[in-house]
Amino acid sequence: MDAERALGTMNYELIKGRPKRLMWAQRDPSLRKSGVGNVFIKNLDTSIDNKSLYDTFSVFGIILSCKVAHDERNQSKGYGFDHFETQDASDQAIHKVYGMLLNDKIVYV
């Protein structure tokens with residue numbers, strides 16, 4: 001399937017110097033707004049980007065969306081979000097990653 005191939009090969013590739021995030025469309029707004037599967041991660045090192053965050057958390061389940069917050073100068077604000085397909089995956093991520101060292105900083109989930 002072309003969309004799956006694009007997700008696997010083009011996600012986080014640079015376009016005009018900025019990494020692009022590709023994800024499956026979520027047509028059901030209740031899934032996005034319910035909060036189920038959402039994880040907030042704080043105290044991220046500024047070197048952690050969207051791809052690093054995705055790679056760290058993807059071992060726990062299918063990620064629907066993953067983003068590190070940035071300011072107007074494109075500098076990391078030190079926090080990010082992961083939205084997992086299931087609550088079980090997000091619970092696992094919270095349990096396993098809370099207090100873990102990522103790039104020499106303890107992160108809180």
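If you read the sequence from its start, that first residue is 1, and numbering goes on from there.
Distance check: F81 CZ to N38 CG gives 9.0 Å after rounding to the nearest 0.5 Å. Note: Q75 CD to T46 OG1 = 7.5 Å, rounded to the nearest 0.5 Å. How far CG of D82 is from OG of S90: 9.5 Å, rounded to the nearest 0.5 Å. Atom CG of L44 is separated from atom CG of L53 by 6.0 Å, given to the nearest 0.5 angstrom. Atom CD1 of residue I106 and atom NZ of residue K42 lie 12.5 Å apart, to the nearest 0.5 angstrom.
Side chain of H70 to backbone of V68: a donor-acceptor contact under 3.5 angstrom is found. Side-chain atoms of E85 do not come within 3.5 Å of backbone N or O of I62 as any donor-acceptor pair.
In the hydrophobic cluster analysis, where Ile, Leu, Val, Met, Phe, Trp and Tyr join through side-chain heavy atoms closer than 4.5 angstrom, I48 is grouped together with I94.
Using modelled atom types, one finds no donor on one side chain facing an acceptor on the other under 3.5 Å when comparing D88 with Q92. Residues D49 and S52 have side chains that bring a donor and an acceptor to within less than 3.5 angstrom of each other.
Side-chain contact between H95 and D91 is absent, with no heavy-atom pair separated by less than 4.5 Å. Two residues are said to be in side-chain contact when any heavy atoms from C-beta on lie closer than 4.5 Å; V107 and V97 meet this criterion. Using a 4.5 Å heavy-atom cutoff, the side chains of L64 and F84 are not in contact.
Ring-plane geometry between Y108 and Y98 is classed as perpendicular, the angle between the planes exceeding 60 degrees on a 0 to 90 degree scale with a lower cut at 30.
With a 6.0 Å radius and a threshold of 12 heavy atoms from other residues, nucleotides or ligands, D71 has its CG atom above the threshold.
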**OP:** Decide yes or no on side-chain contact (heavy atoms from CB on, under 4.5 Å) for I41 and Y79, but give the supporting numbers first.
**Re:** CA-CA 5 Å; I41 306 104; Y79 66 89; over 6 Å; no
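Shortest non-hydrogen contact noted between L102 and D45 is O-CB, 4.3 Å. Nearest heavy-atom pair across N103 and S47 is ND2-OG, 2.7 Å. Of all non-hydrogen atoms in G61 and A89, the two that sit nearest each other are CA-CB, 4.0 Å. Pairing each heavy atom of F57 with each of V109, the nearest pair is CZ-CG2, 4.4 Å.
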